[in-house]
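The structure appears below as structure tokens.
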Amino acid sequence: MSEAVNKKKVIFSGIQPTGTFTLGNYIGAVRNWGPLQEEYDCIYSIVDMHALTVKRDPVKFRQQTIESYALLLACGIDPNKSIAFIQSHNPSHAQLNWILACSTQFGELSRMTQFKDKSKKHPDDVNAGLFTYPVLMAADILAYNADLVPIGADQKQHLELARNIAVRFNQRFGDMFTVPEPYIPKVGAKVMSLQEPTKKMSKSDENQNAVILILDDKDTIIRKFKRAVTDSEAVVKYADGKDGINNLITIYSAVTGKSVAEIESEFDGKGYGDFKLAVGETVADHLAPVRDNFARLLADRNYLKECYTEGAQRAFKLSNRVISKAHRKVGFVDYR
Ligand code: TRP
């Protein structure tokens with residue numbers, strides 16, 4: 001009993017190995033991951049199997065997977081406190097995927113908006129993996145009986161499906177899976193595009209001046225902020241209709257911890273040029289440790305390999321118990 005009371009909740013999150021994070025991802029989500037490790041048992045996976053649903057060049061794909069893993073550590077995930085691994089290194093995900101697929105309906109998967117969007121985007125490659133993508137995601141989460149899953153709005157429908165699959169399996173075979181909840185971080189700032197400040201900052205924006213990437217160097221960051229779209233009023237004040245300035249104030253506030261009022265008085269009587277430069281320099285300094293860590297980690301492939309190998313072993317230990325239980329529940333013959 002006391003053990004159950006002391007048990008920390010389990011957080012699982014999957015990150016696709018598709019390049020770097022934006023300042024928006026960082027402020028809104030990534031920078032909270034480090035502190036979460038103290039409160040929860042965190043499991044983070046670079047989900048290369050999910051990424052395979054879109055055609056990729058194998059050489060680049062391998063490199064991107066390693067870089068994404070390094071970035072995860074560079075952003076403060078401690079491989080001793082959390083389990084950090086690469087999805088394809090733990091066979092449990094594929095195993096549970098099959099079992100859960102047999103408890104998922106064709107109709108449910110057909111209704112997934114991401115499937116519909118992606119099939120339109122790649123009409124020449126509507127592969128079965130793309131269709132069953134949400135089942136694999138459910139397997140990722142349920143294989144660890146995760147309590148909480150940090151996700152953005154675009155993944156809500158997939159998490160809802162994972163919950164439905166868990167409930168259905170439990171009803172059919174007897175309770176075994178924890179039904180996961182979304183983890184909503186304490187209100188994080190929403191960062192908008194620097195070029196069209198009514199739109200969210202997105203890494204796929206065609207105009208790269210609109211996006212700050214966390215691995216951008218200092219000069220690039222300052223240059224992008226200098227070019228940020230503002231208004232003609234030239235007063236650093238948070239107000240309706242001043243979307244560009246509001247966004248810069250939000251960013252500056254998020255990285256310095258200063259309130260809007262403090263920022264307004266700091267820049268009282270100064271122009272937008274001074275303000276943009278201050279935001280650029282402050283953001284660049286804030287991100288510098290991530291860039292340094294990333295470079296250091298990537299230069300030490302052996303260390304990275306040790307980390308992801310051990311991460312996969314620890315992940316397998318946990319998930320394999322769940323797999324064995326699921327095998328018994330569905331009626332597979334025990335052989336060990
Ligand atoms: N589908 C998620 C995304 O594209 C990535 C993902 C895969 C994931 N498995 C997961 C997220 C499990 C949370 C939990 O962002």
Side-chain angles (χ1 to χ4, degrees), residues 9-22 24-26 28-30 32-33 36 40-54 56 61 64-65 68-69 71-72 75 77 82-98 100-101 104 108-109 111-119 121-122 127 129-166 177-185 200-204 311-312 315 318-319 322:
K9 288 200 166 177
V10 175
I11 284 194
F12 182 94
S13 194
I15 301 109
Q16 292 221 32
T18 46
T20 161
F21 302 115
T22 68
N25 302 139
Y26 189 73
V30 180
N32 304 317
W33 290 348
L36 279 183
Y40 300 99
D41 281 333
C42 296
I43 306 171
Y44 293 105
S45 184
I46 301 298
V47 290
D48 54 347
M49 289 159 71
H50 279 103
L52 198 61
T53 56
V54 173
R56 300 192 184 273
F61 183 33
Q64 277 193 326
T65 301
S68 298
Y69 187 85
L71 194 57
L72 193 63
C75 288
I77 298 304
S82 297
I83 296 182
F85 72 106
I86 296 170
Q87 187 187 29
S88 63
H89 292 175
N90 179 1
S92 298
H93 296 249
Q95 281 178 293
L96 190 57
N97 173 64
W98 182 257
L100 298 181
T104 308
E108 288 181 297
L109 292 176
R111 284 194 290 278
M112 294 291 120
T113 55
Q114 193 176 80
F115 172 68
K116 291 191 238 176
D117 293 346
K118 285 196 181 170
S119 331
K121 219 169 138 192
H122 308 279
N127 61 76
L130 198 61
F131 188 63
T132 60
Y133 178 113
V135 182
L136 180 60
M137 180 162 158
D140 296 342
I141 300 164
L142 303 186
Y144 303 94
N145 279 319
D147 299 285
L148 297 168
V149 183
I151 42 156
D154 65 321
Q155 297 299 315
K156 259 178 87 176
Q157 199 185 25
H158 289 164
L159 183 61
E160 198 52 43
L161 180 66
R163 288 169 52 83
N164 291 340
I165 295 172
F177 290 122
T178 302
V179 181
E181 305 274 346
Y183 174 82
I184 318 276
K200 204 177 129 190
M201 183 180 283
S202 158
K203 91 178 139 192
S204 54
L318 291 177
S319 59
V322 177

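We use all heavy atoms of the structure for the numbers below, so side chains are in, but hydrogens, waters and symmetry mates are not. Note that ligands are numbered from 1 as they come in the structure, with each ligand's atoms numbered from 1 the same way.
Counting protein heavy atoms only, atom 9 (N) of ligand 1 is closest to D140 OD2, 2.7 Å. Nearest non-hydrogen protein atom to atom 12 (C) of ligand 1 is F12 CE2, 3.5 Å.
Separation of atoms CG (N145) and OG1 (T178) is listed at 3.5 Å; rounding is to 0.5 Å.
Every N/O-N/O distance between S13 and ligand 1 stays at or above 3.5 Å. In terms of polar-atom proximity, defined here as any N/O pair under 3.5 Å, Y133 does make such a contact with ligand 1.
Considering P182, P180, G152, G14 only, the shortest heavy-atom separation from atom 11 (C) of ligand 1 involves G14.
The minimum heavy-atom distance between G311 and I83, with the atom names listed, is O-CG2, 3.4 Å.
Only the side chain of Q155 comes within 4.0 Å of ligand 1, judged by heavy-atom distances. Neither the backbone nor the side chain of I15 comes within contact range of ligand 1; no heavy atom lies under 4.0 Å.
Remark: ligand 1 atoms within the under-4.0 Å shell around heavy atoms of H50 are 7 (C), 9 (N). Residue Q16 approaches ligand 1 through these ligand atoms, each under 4.0 Å from one of its heavy atoms: 4 (O). With ligand atoms numbered from 1 in the order given, ligand 1 contributes 7 (C), 9 (N) to contacts under 4.0 Å with heavy atoms of V47. For ligand 1, the atoms sitting less than 4.0 Å from at least one non-hydrogen atom of V149 are 13 (C), 14 (C), numbered in the order shown with element in parentheses.
Between P17 and Y69, every side-chain heavy-atom pair lies at or beyond the 4.5 Å cut-off. Between P180 and L159, the closest side-chain pair of non-hydrogen atoms falls below 4.5 Å. At a threshold of 4.5 Å between non-hydrogen side-chain atoms, the residues I15 and S45 do not count as touching.
Checking V47, T18, I46 one by one against T65, the side-chain contact (heavy atoms from CB on, under 4.5 Å) holds for a single residue, I46.
For Y144 and H93, the distance between ring centers is under 6.0 angstrom. Taking the six-membered ring for Trp, Y133 and F115 have ring centres at least 6.0 Å apart.
Within the structure, ligand 1 lacks H158 among the residues with a heavy atom less than 4.0 angstrom away.
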